[in-house]
Undergrad: 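I have a structure I would like to understand better, so I am pasting it below and will then ask my questions one at a time.
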Amino acid sequence: HWVMKSKGGEELSYFIMKPDASVDKVIDNPEAYIGKKCRVTWKKSTENIPEAGGKMEIEQILRVQWLDAK
């Protein structure tokens, strides 16, 4: 799971199913990105997840863009 906080402090969680290279870089070294601001692209879909008992609606992260501090 990708877990992050929104601007308002709400905890958000996304499944990592078919991410692009931008997400893979974070998975490889998550500590390097803690506390940095980002914008994520995600989608809601219905996926078959046998571990969860079959088909379920999920929100999955597709890519992440890191924002420069200004």
Side-chain angles (χ1 to χ4, degrees):
H1 274 18
W2 177 281
V3 179
M4 61 184 277
K5 287 193 178 184
S6 70
K7 282 184 189 179
E10 177 185 5
E11 187 170 279
L12 305 171
S13 176
Y14 299 100
F15 279 81
I16 301 172
M17 304 278 294
K18 300 171 191 163
D20 76 355
S22 66
V23 175
D24 288 336
K25 285 174 76 174
V26 179
I27 293 169
D28 290 342
N29 186 16
E31 293 81 17
Y33 298 92
I34 293 174
K36 296 188 177 186
K37 292 183 180 186
C38 67
R39 177 177 296 127
V40 298
T41 302
W42 60 276
K43 73 174 182 175
K44 188 176 281 194
S45 64
T46 301
E47 302 291 333
N48 183 26
I49 303 178
E51 301 86 358
K55 291 190 181 223
M56 63 184 292
E57 191 170 282
I58 64 166
E59 295 173 345
Q60 60 179 293
I61 189 168
L62 302 175
R63 68 179 87 39
V64 61
Q65 175 186 6
W66 296 99
L67 306 175
D68 295 325
K70 296 193 179 194

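Residue numbers count from 1 along this sequence. None of these values were measured; they are calculated from a predicted model. Heavy atoms only: backbone and side chains are in, while hydrogens, waters and symmetry mates are out.
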Undergrad: Please identify each residue that fulfils salt bridge (Lys or Arg N to Asp or Glu O under 4.0 Å) with Glu57, with sequence neighbours left out.
TA: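 With neighbours one apart ignored, the set is Lys44.
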Undergrad: Show which residues join Leu12 in its hydrophobic cluster (side-chain heavy-atom contacts under 4.5 Å, direct or indirect), or state none.
TA: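 Under the 4.5 Å side-chain rule, Leu12 groups with Trp2, Met4, Tyr14, Ile16, Val23, Val26, Ile27, Tyr33, Val40, Trp42, Ile61, Val64, Trp66.
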Undergrad: Partners of Asn29 by side-chain contact (heavy atoms from CB on, under 4.5 Å), sequence neighbours excluded?
TA: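 Expected list: Glu31, Ala32.
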Undergrad: Where do Leu67 and Arg39 come nearest, in terms of heavy atoms and distance?
TA: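 Where Leu67 meets Arg39 most closely, the heavy atoms are CD2-NH1, 3.9 Å.
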Undergrad: Applying side-chain contact (heavy atoms from CB on, under 4.5 Å), name anything that partners Lys43, two or more places apart in sequence or on another chain.
TA: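 With neighbours one apart ignored, the set is Ser45, Gln60, Leu62.
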Undergrad: Can you name the residues that form a side-chain hydrogen bond (donor to acceptor under 3.5 Å, both in side chains) with Asp20, not counting sequence neighbours?
TA: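 Counting only residues at least two positions away or on another chain, Asp20 forms a side-chain hydrogen bond (donor to acceptor under 3.5 Å, both in side chains) with Ser22.
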Undergrad: Could I get the full list of side-chain contact (heavy atoms from CB on, under 4.5 Å) partners for Ala21, not counting sequence neighbours?
TA: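 Once residues adjacent in sequence are excluded, Ala21 has no partner under the side-chain contact (heavy atoms from CB on, under 4.5 Å) criterion.
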Undergrad: So which residues get pulled into Met17's cluster when ILVMFWY side chains under 4.5 Å apart are joined, directly or through others?
TA: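 Same cluster as Met17: Phe15, Ile49, Met56, Ile58.
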Undergrad: With Glu59, which residues qualify under side-chain hydrogen bond (donor to acceptor under 3.5 Å, both in side chains), at least two apart?
TA: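 Applying side-chain hydrogen bond (donor to acceptor under 3.5 Å, both in side chains) to Glu59 gives none.
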Undergrad: Can you list, by chain and residue number, the hydrophobic cluster partners of Ile34 when the side-chain cut-off is 4.5 Å?
TA: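 Traced through the cluster, Ile34 reaches no other member.
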